[in-house]
Trainee: 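Let me give you the structure first, and then I'll get to my questions.
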Protein chains: 2
Amino acid sequence: MSPKPATAVREAKGLELHFALTVDVVLLTVRQGRLSVLLVERRNEPFAGRWSLPGGFVEPDEDIEAAAIRELAEETGLDRFPPGIHLEQLRTFGRPGRDPRGRTVSVAHLAMVPDVPLPRAGDDAARARFWPIEDLLTEDAPRLAFDHDEILRDGVERARAKLEYTSVALAFVEEPFTFGDLRRVYEAVWGVELDHSNFRKKALDNDGFVVPLGREAPREKGGPGGRPADLYRRGSAFWLERAIIRPRGRHESAAPPGPNGVPR
Amino acid sequence: MSPKPATAVREAKGLELHFALTVDVVLLTVRQGRLSVLLVERRNEPFAGRWSLPGGFVEPDEDIEAAAIRELAEETGLDRFPPGIHLEQLRTFGRPGRDPRGRTVSVAHLAMVPDVPLPRAGDDAARARFWPIEDLLTEDAPRLAFDHDEILRDGVERARAKLEYTSVALAFVEEPFTFGDLRRVYEAVWGVELDHSNFRKKALDNDGFVVPLGREAPREKGGPGGRPADLYRRGSAFWLERAIIRPRGRHESAAPPGPNGVPR
DNA sequence: GAAATAGTGTCTATAAGACAGTATAAA
DNA sequence: TTTATACTGTCTTATAGACACTATTTC
């Protein structure tokens, strides 16, 4: 089915077009051992000068996911997505009043990428940079534009949970990678230290998670010493047969009740 | 912040309102030992006469979740939600062309309720009834309106997964309930048989999952015999400390790749 | 009595976690 | 040599699953 022009849509019988639709993206990466998110400094009102998640309006005949990819490219210069990138819908935020300009509904996305080069600022963003999560989810952190603080918290929690039972951690590393690389991803996202030996055992217990390349990584000169590590590439499995569970309380606490008085 | 009238919204600077916004609800329940979903027969075009998920347009100044609750009430007569009901966002569907009338974006929701009385048809729906899931997810099942087949599959899979690591199964039972009641919920949603003894052990291992009431249920006359069961009510925990895992392959298979070539 | 359902306990296989020991590199 | 990292194996404990046994009801 081909999309209709906006004029035809507007005149369609019984269809009232009251909403502006946007996409926002929580783009996570691991840099220098810290889970970080890409933020852009807003150039225009509302919230000019405030930091926000990259995003923008969906075009009238554009698919939602395509809009998320396009906005990432326009605002950050990430115009060619690295292989293995993960992109999924997070949740849709549509509280009346969340945008002072009027009724906008935002489909939030979660993306995970390897440690890519620093993005350049695009048309809509004055500046774009990665922020360590630990510098944002505190009391005295800068408040983000719109309801992006809430979206960011949702995205981080989704990522932390999803590392347990899927292979999305692989989206954070570039091939080939070592078990050390992969373990440091888990440690950065979860903010914990993991036992080398047990981590390897659990990862290898999951068929199709990682594939050994049978070679050894040369150590970088100037770095620390140590035995060269075996190299791996991403396997084909998405769901892990045996979850790699976070140490301690697997889920921190009970979720806050939603508007209906029900935990989400 | 108070919502603005639609006219003000439409004239807001730089805000083009190209989208109609709808909500759809996958309302699940367990009836006669079978996981079932509420469907309504459409009265109006498009897809008049086809079965669809209950749902409809979000009003210009209405919160999205409130719209989901309102539509359920209007279309099904479920105007007073039973206590313990669960309602959460599922995913947003916005492919251009999914609604032949023009560009509509639907925020799909997942709801779980106890075995409530048969709903009555409302204004927008000719008929409303519960359909067993097993009669819908097969090859020769009736095709639902719009992309509701896909939404339904998403909702059922979400519910099946969420029974493992949260207490949402409690949304399917009325208080007080027995371990037999609760076990039959898991069996119906997962389509498996569970060992009585081990199920009880695992449920009781989770603090705050269920609370014993210290009384015994009288057996119904006319039914099968058996020792009267202890009664329980819902506990306060939402996340389960120790997941109650499905037998066999916990996740059936790898997810199909999304538009970006990446599993969701 | 038989059949059905509920509650309790026990045994075994497996998985999780702690940790010791060996291997190979840089400085 | 010391330090740092990687790989391998072992031991203990915890959990999962199978299943036996008892308890209390209907028919």
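Throughout, a chain's letter reflects where its sequence line sits, starting with A, and its residues are numbered from 1.
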Trainee: Going by modelled atom types, is there a donor-acceptor pair between the base of C:dG9 and the side chain of B:Lys201 at under 3.5 Å?
Mentor: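 No, no donor-acceptor pair under 3.5 Å.
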Trainee: Report yes if a donor N or O on one partner sits less than 3.5 Å from an acceptor N or O on the other, where the partners are the side chain of A:Asn198 and the base of C:dA18; otherwise report no.
Mentor: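 Checked by distance alone, the answer is yes.
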Trainee: We want to know whether B:Ser36 and B:Thr29 form a side-chain donor-acceptor pair, criterion being a heavy-atom distance below 3.5 angstrom.
Mentor: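 Their side chains do not contain a donor-acceptor pair, so the 3.5 Å distance test is not met.
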Trainee: OP1 or OP2 of D:dA6 sitting under 4.0 Å from any side-chain N/O of A:Arg183?
Mentor: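 So the side chain of A:Arg183 is within the cut-off, an N or O lying under 4.0 Å from OP1 or OP2 of D:dA6.
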Trainee: If you check the B:Pro224 side chain, which of C:dT5, C:dT24, C:dA15 turns out closest?
Mentor: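 The answer is C:dT5, which lies nearest to the side chain.
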Trainee: Does A:Arg91 make a cation-pi contact with A:Phe93 (under 6.0 Å, within 45 degrees of the axis)?
Mentor: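 Satisfied, under 6.0 Å and within 45°.
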Trainee: Which residue lies toward the 5' end of DNA chain D, B:Asp205 or B:Gly225, if each is placed at its nearest nucleotide?
Mentor: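 Taking each residue's closest nucleotide, the earlier one in sequence belongs to B:Asp205.
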Trainee: Nearest of C:dA6, D:dT24, C:dA25 to any side-chain atom of B:His196?
Mentor: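 Nearest listed nucleotide: C:dA6.
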Trainee: Would you kindly give the CD1-to-P distance between B:Ile245 and D:dG17, to the nearest whole Å?
Mentor: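 Rounding to the nearest Å, CD1 of B:Ile245 and P of D:dG17 are 8 Å apart.
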Trainee: Output yes when at least one side-chain N/O atom of A:Arg200 is less than 4.0 Å from OP1 or OP2 of D:dC7, else no.
Mentor: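 Affirmative; the distance criterion is met.
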Trainee: Using whole Å, report how far CD of A:Glu193 lies from C1' of C:dG17.
Mentor: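 After rounding, the reported distance stands at 15 Å.
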Trainee: From C-beta outward on B:Lys202, which listed nucleotide comes closest to its side chain: C:dG17, D:dG17, C:dT24?
Mentor: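 Closest of the options to the side chain of B:Lys202: D:dG17.
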Trainee: Between atom OH in B:Tyr232 and atom C1' in C:dG7, what is the gap in whole Å?
Mentor: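 About 9 Å, once rounded to whole Å.
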Trainee: In this structure, how many angstroms lie between the P atom of D:dA6 and the CG atom of A:Leu182, rounded?
Mentor: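 My rounded result for the distance is 12 Å.
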Trainee: Roughly, in whole Å, what's the span from CZ in B:Phe199 to P in C:dA6?
Mentor: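 Atom-to-atom, B:Phe199 to C:dA6, this comes out as 11 Å.
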Trainee: Which residue, B:Asp181 or A:Asp195, contacts DNA chain C at a nucleotide closer to its 5' end, judged by nearest heavy atom?
Mentor: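 Comparing both residues, the 5'-ward one is B:Asp181.
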Trainee: Want to settle it: does A:Pro228 or B:Gly222 sit nearer the 5' end of DNA chain D, counting the closest nucleotide to each?
Mentor: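 Residue closer to the 5' terminus by nearest nucleotide: A:Pro228.
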Trainee: Please confirm whether the backbone N or O of A:Pro114 pairs with a side-chain atom of A:Glu174, one donor and one acceptor, at under 3.5 Å?
Mentor: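 No; zero donor-acceptor contacts below 3.5 Å.
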Trainee: Could you give the CZ-to-P distance, from A:Arg242 to D:dG17, as a whole number of Å?
Mentor: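 In whole Å, D:dG17 P and A:Arg242 CZ are 12 Å from each other.
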Trainee: Knowing that exactly one of B:Val189, B:Thr138, B:Leu28 qualifies, which makes a side chain to side chain contact (heavy atoms under 4.5 Å, CB included) with B:Ile133?
Mentor: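 The option that passes is B:Leu28.
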Trainee: Looking at the side chain of A:Ser197, which of C:dC19, C:dT24, C:dG7 is the nearest nucleotide?
Mentor: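 Given the options C:dC19, C:dT24, C:dG7, the side chain of A:Ser197 is closest to C:dC19.
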Trainee: Taking only N and O in the side chain of A:Arg227, is any of them less than 4.0 Å away from OP1 or OP2 of D:dA4?
Mentor: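 Indeed not, no polar side-chain atom of A:Arg227 lies that close.
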Trainee: Please report, rounded to the nearest Å, how far the P atom of C:dT5 is from the CZ atom of B:Phe177.
Mentor: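 About 20 Å, once rounded to whole Å.
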Trainee: May I ask you to test the B:Leu182-B:Phe209 pair for a side-chain heavy-atom distance under 4.5 Å?
Mentor: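 In short, these two side chains touch, coming nearer than 4.5 Å.
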Trainee: Could you give the CG-to-C1' distance, from A:Leu213 to D:dA6, as a whole number of Å?
Mentor: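 Computing the A:Leu213:CG to D:dA6:C1' distance gives 17 Å.
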